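For reference, the structure is listed below as structure tokens.
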Amino acid sequence: MINGIDRGQYPLARSSSPRRVLDLQTWTASGIPLLRDPREFVLELHQRHLPQPGTVVVAVLDALHRLTGSASFAPRPHNEDGWLHRNAILTHLRQVVPHDLRLPAPTRTAVLLSCREGAAGWTEQDGAWMWALQDAATLHGLRCGAYVALTPVGWQILGDGRSGRNPNAASWADGPVHTVTELPPRSALDGQRGQRTLRQAAPERPRRGERPQRSRQSEHPWTPARVTAIEPTRRTGTR
């Protein structure tokens, strides 16, 4: 027993490659609180982060089931141990919301959404994330909430049974792109270049009393704005 959490099921010293995974039956029997409106919650979380396959979103709900903070991140692709997933979740929880360890009982809930390829049912990788969410929530003073799998066929709350077709793992491509500077239409660019060519071919004559202006050098062609690099981590929160 460490920090009130039983580690006997996953001993660290008895195996060189410990497996910290929760099966679906154990997860369902642990008393996970239900989401009040899962369809609206998944839609709001998806609109905030536009997760792609391989992205995980951790969110925190207050006592009234309102979203108070969330963060999306891409874990290392070959990590399969719940211990490493737990560390990643805990790191992002600490950056979006303060802990509630001083409260006599948890009032806020941590929820996890995993966007991945593959089937909609439970997988061993889901089991590792379930173990990680449960452990990270306890260490941050939160209740462990629902686990949502976002797959090509839609979203599904594992252990709950509620699901929907949209959004899905490919819906991120339908969202707005915030990391690329908006470029003017090509017709406008061609019109600007034509006007510049006419001005250069037939310069205006100087008026009386005015000094002749020096011929301008050929203007540099229009170059697109620099594209901003996509950040691997996106955090949102309301305070």
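When a residue number appears, it is its place in the shown sequence, counting from 1. All values reported here derive from a predicted model rather than from experimental measurement.
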* Nearest heavy-atom neighbours spanning A71 and V96 -> CB-CG1, 3.9 Å

* Between H85 and Q125, is any side-chain donor less than 3.5 angstrom from a side-chain acceptor? -> yes

* Kindly determine whether H49 and S70 satisfy side chain to side chain donor-acceptor pair (under 3.5 Å), including the steps that lead there. => CA-CA 9 Å; H49 296 277; S70 61; 2.8 Å; yes

* Structure fact -> Rounded to the nearest 0.5 angstrom, the CG-CG distance for L101 and L139 is 8.0 Å

* Any pair counted as salt bridge (charged side-chain N to carboxylate O under 4.0 Å, His left out), so long as it reaches residues 91-106, sequence neighbours left out -> D100-R108

* Structure fact -> Interatomic distance, OG@S163 vs CG@L158, rounded to 0.5 Å, equals 10.0 Å

* Structure fact -> Taken to the nearest 0.5 Å, the spacing of N87 CG from W83 CH2 works out to 6.5 Å

* Only counting residues at least two apart or in another chain, list the ones meeting side-chain hydrogen bond (donor to acceptor under 3.5 Å, both in side chains) with Q25. => none

* Asked: In Å, rounded to the nearest 0.5 Å, how long is the span from CZ of R48 to CG of L43?
  -> 11.5 Å

Using distance only, find each side-chain donor-acceptor pair of residues 28-38 under 3.5 Å and give its atom names and separation, not counting sequence neighbours.
from: T28; atom 1: OG1; to: L24; atom 2: O; distance (Å): 2.8
from: S30; atom 1: OG; to: W27; atom 2: O; distance (Å): 2.6

* Do V58 and V111 come within less than 4.5 Å of each other through their side chains, counting heavy atoms only? -> no

* For E40, check salt bridge (Lys or Arg N to Asp or Glu O under 4.0 Å) against everything at least two apart and list the hits. => none

* Inter-residue atom distance D23.CG - W122.CH2, 0.5 Å rounding -> 6.5 Å

* **Pairs meeting criterion salt bridge (charged side-chain N to carboxylate O under 4.0 Å, His left out) with involvement of residues 53-77, two or more places apart** => D62-R66

* Asked: Can you list every pair that meets ring-ring contact (aromatic ring centres under 6.0 Å, His included) and has a residue in residues 29-48, with sequence neighbours left out?
  -> none

* Do P51 and S72 come within less than 4.5 Å of each other through their side chains, counting heavy atoms only? -> no

Which atom pairs, donor and acceptor, lie under 3.5 Å between side-chain atoms of residues 143-156 and protein residues at least two apart or in another chain?
from: R143; atom 1: NE; to: T109; atom 2: OG1; distance (Å): 3.3
from: R143; atom 1: NH2; to: T109; atom 2: OG1; distance (Å): 3.1
from: Y147; atom 1: OH; to: D126; atom 2: OD1; distance (Å): 2.6
from: T151; atom 1: OG1; to: G154; atom 2: O; distance (Å): 3.3
from: W155; atom 1: NE1; to: N166; atom 2: O; distance (Å): 3.2

* Spell out, as yes or no, whether a donor-acceptor pair under 3.5 Å connects the side chain of H92 to the backbone of A88. => yes

* Where do A170 and N168 come nearest, in terms of heavy atoms and distance? -> N-OD1, 2.9 Å

* Considering all heavy atoms, the nearest G54-P75 contact -> O-CD, 3.4 Å

* Structure fact -> Scanning both residues in full, the closest heavy-atom pair of W172 with P53 reads NE1-CD, 3.8 Å

* Close side-chain approach of V56 to L113, heavy-atom, < 4.5 Å -> no

* Check: T123 and R116 side chains under 4.5 Å, non-hydrogen atoms -> yes

* To do: Sort and list the pairs that fulfil salt bridge (charged side-chain N to carboxylate O under 4.0 Å, His left out) and have at least one residue in residues 157-170, not counting sequence neighbours.
  => D160-R162

* To do: Before giving the answer on side chain to side chain contact (heavy atoms under 4.5 Å, CB included), spell out for L61 and T68 the whole-Å C-alpha distance, their side-chain angles and the decisive distance to 0.1 Å.
  => CA-CA 6 Å; L61 305 178; T68 60; over 6 Å; no

* To do: Give the minimum heavy-atom separation between F73 and I89, together with the two atoms involved.
  => CZ-CG1, 4.2 Å

* To do: Assign the ring pair H140 / H99 to parallel, tilted or perpendicular, where the plane angle (0 to 90°) is split at 30° and 60°.
  => perpendicular

* To do: Taking all heavy atoms of G69 and all of V97, pick out the closest pair and write down the distance.
  => CA-CG1, 4.4 Å

* Q134 side, atom CD; W129 side, atom CH2 - distance, nearest 0.5 Å -> 15.0 Å

* **Whether T107 side chain and A63 backbone form a donor-acceptor pair below 3.5 Å** => no

